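Small disclaimer: the values here were computed from a predicted structure and weren't measured.
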Amino acid sequence: MLAAPKLAEPTPAAVSNTASAMTLQCAVNLLDRLASDDTFRDLFKQRPRDALFAAGMALPEGSITPLCTMVQQLASKEEIEQSRQALLEYLSGAGRTAMNVVFTFESRQMQKVISAR
């Protein structure tokens, strides 16, 4: 598997709490890897834009980094797997703008965020 190219770290102006919906395939890839791949989880914590790119979501250059990808403590593999179906619907935008709440992947916060939609 090819590693995502290192992108510049986002500046505050390049961060937002809104983003367009992911494709279903991208959401599946992202959740598969967050639920199983320690190297990918480290990439997601350190450079979320690169992790999104590696999962199949190329954010246009100069676009905002979704705040929902920036977490203090990433949810466990088990927590992500337990919330998988709800997260798939949430990330792919089932009937609304996807990822519009901060901290989607924050440990012990996913169910609260998903339920609030």
Calculate, to the nearest 0.5 Å, the distance between atoms OG and CD belonging to Ser76 and Gln82 respectively. 7.0 Å
What's the separation between atom CG in Leu74 and atom CD in Gln46, rounded to the nearest 0.5 Å? 11.5 Å
Residues in side-chain hydrogen bond (donor to acceptor under 3.5 Å, both in side chains) contact with Glu61, at least two apart in sequence or another chain: none
Any chance you could measure Leu43, atom CG, to Arg49, atom CZ, to the nearest 0.5 Å? 12.5 Å
The criterion is side-chain hydrogen bond (donor to acceptor under 3.5 Å, both in side chains); which residues satisfy it with Lys77, sequence neighbours excluded? Asp38
Return the OG1 to CZ distance between Thr39 and Arg33, rounded to the nearest 0.5 Å. 9.0 Å
Closest non-hydrogen atoms of Gly56 and Cys26, given as atom of the first, atom of the second and distance, are C-SG, 3.8 Å
Looking at CG of Leu91 and CE of Met57, how far apart are the two atoms once the value is rounded to the nearest 0.5 Å? 9.0 Å
So, using side-chain hydrogen bond (donor to acceptor under 3.5 Å, both in side chains) as the criterion, who are the partners of Gln25 when residues are at least two apart? Asn29
Does Ile80 reach the side chain of Arg41, with side-chain heavy atoms less than 4.5 Å apart? yes
All side-chain hydrogen bond (donor to acceptor under 3.5 Å, both in side chains) counterparts of Asp32, not counting sequence neighbours: Arg84
So Phe44 and Leu34, do their side chains get closer than 4.5 Å, heavy atoms only? yes
